[in-house]
Amino acid sequence: MDMKIWAKTIVEEKITRDLIYEYESINSEDEFVYHLQELCGQMDIPTPIATRVNFMHFVAFNNTRFKPRDFVESVDFDVLELEAVVEKKEKK
């Protein structure tokens with residue numbers, strides 16, 4: 001089953017760019033980092049340093065956030081937010 005992440009960069013509470021990224025699954029920190037690198041590449045932004053806390057937040061709460069201090073390079077946004085898109089199942 002394809003899963004989706006809605007990735008968005010935010011400046012002063014306004015979304016400046018966003019992307020719907022599709023993936024198979026995230027079962028480990030390594031997979032999380034791989035998909036983070038892929039979606040940042042598609043958004044043409046630097047990849048942040050992902051910590052275990054980011055991975056655990058994503059698994060537990062379906063979202064995580066990265067601030068400029070989480071990036072080695074400078075960025076033009078206040079927050080990179082990743083949110084798992086939870087598909088609602090249709091009732092039969």
Side-chain angles (χ1 to χ4, degrees):
M1 182 172 81
D2 276 352
M3 313 280 286
K4 295 177 184 167
I5 295 174
W6 181 24
K8 50 197 173 271
T9 57
I10 300 170
V11 176
E12 295 178 358
E13 299 181 20
K14 290 190 170 74
I15 296 172
T16 53
R17 52 172 101 66
D18 69 333
L19 169 81
I20 298 291
Y21 174 83
E22 293 189 27
Y23 64 99
E24 288 294 318
S25 65
I26 293 179
N27 298 312
S28 68
E29 278 185 74
D30 288 341
E31 286 181 1
F32 177 72
V33 169
Y34 169 80
H35 291 299
L36 178 62
Q37 290 169 337
E38 289 291 307
L39 75 83
C40 286
Q42 289 180 23
M43 292 181 80
D44 195 27
I45 60 173
T47 302
I49 306 294
T51 64
R52 180 162 187 79
V53 171
N54 294 118
F55 171 67
M56 298 307 285
H57 263 238
F58 189 77
V59 169
F61 306 114
N62 290 326
N63 69 52
T64 192
R65 298 167 62 111
F66 297 94
K67 296 189 173 170
R69 67 173 180 254
D70 299 317
F71 293 82
V72 175
E73 301 171 51
S74 61
V75 293
D76 64 352
F77 48 84
D78 301 332
V79 176
L80 167 63
E81 191 171 286
L82 307 183
E83 182 179 335
V85 177
V86 181
E87 301 277 329
K88 291 197 164 81
K89 294 190 170 124
E90 292 183 26
K91 293 181 181 176
K92 293 183 180 179

Worked verdict on N62 versus E83 for side chain to side chain contact (heavy atoms under 4.5 Å, CB included): CA-CA 6 Å; N62 290 326; E83 182 179 335; 5.8 Å; no
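Proximity of the aromatic rings of F66 and F77 is defined here by a centroid distance below 6.0 angstrom, and this criterion is not met.
In the hydrophobic clustering of ILVMFWY residues, with side-chain heavy atoms under 4.5 Å counting as a link, V11 and V79 come out apart. No single ILVMFWY cluster, assembled from side-chain heavy atoms under 4.5 Å apart, contains both I10 and V75.
Note: F58 CZ to R65 CZ = 14.5 Å, rounded to the nearest 0.5 Å. How far CG of N63 is from NE2 of H57: 8.0 Å, rounded to the nearest 0.5 Å. Atom OG1 of residue T64 and atom CG of residue L36 lie 9.0 Å apart, to the nearest 0.5 angstrom. In this structure, CD in E22 is found 10.0 Å from CG in L19, a value given to the nearest 0.5 Å.
Between the side chains of D30 and S28, no donor-acceptor pair is found at a separation under 3.5 Å.
Note: Y21 and Y23 have parallel aromatic rings, judged against thresholds of 30 and 60 degrees for the angle between ring planes.
You'll find the side chain of I15 reaches within 4.5 Å of the side chain of W6, heavy atoms only. Using a 4.5 Å heavy-atom cutoff, the side chains of L80 and F71 are in contact. Taking 4.5 Å as the limit, some side-chain heavy atom of R69 sits within range of a side-chain heavy atom of K67.
Remark: the backbone N or O of Y34 is not paired with any side-chain donor or acceptor of E38 at under 3.5 angstrom.
Under a 4.0 Å N-O distance rule, the pair D76/R17 qualifies as a salt bridge.
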Using atom types as modelled, flag every donor-acceptor pair under 3.5 Å from a side chain in residues 39-52 to any protein atom, sequence neighbours excluded.
residue, atom, partner, partner atom, Å
T51, OG1, V53, N, 3.3
T51, OG1, N54, N, 3.3
T51, OG1, N54, OD1, 3.0
R52, NH1, E29, OE2, 2.3

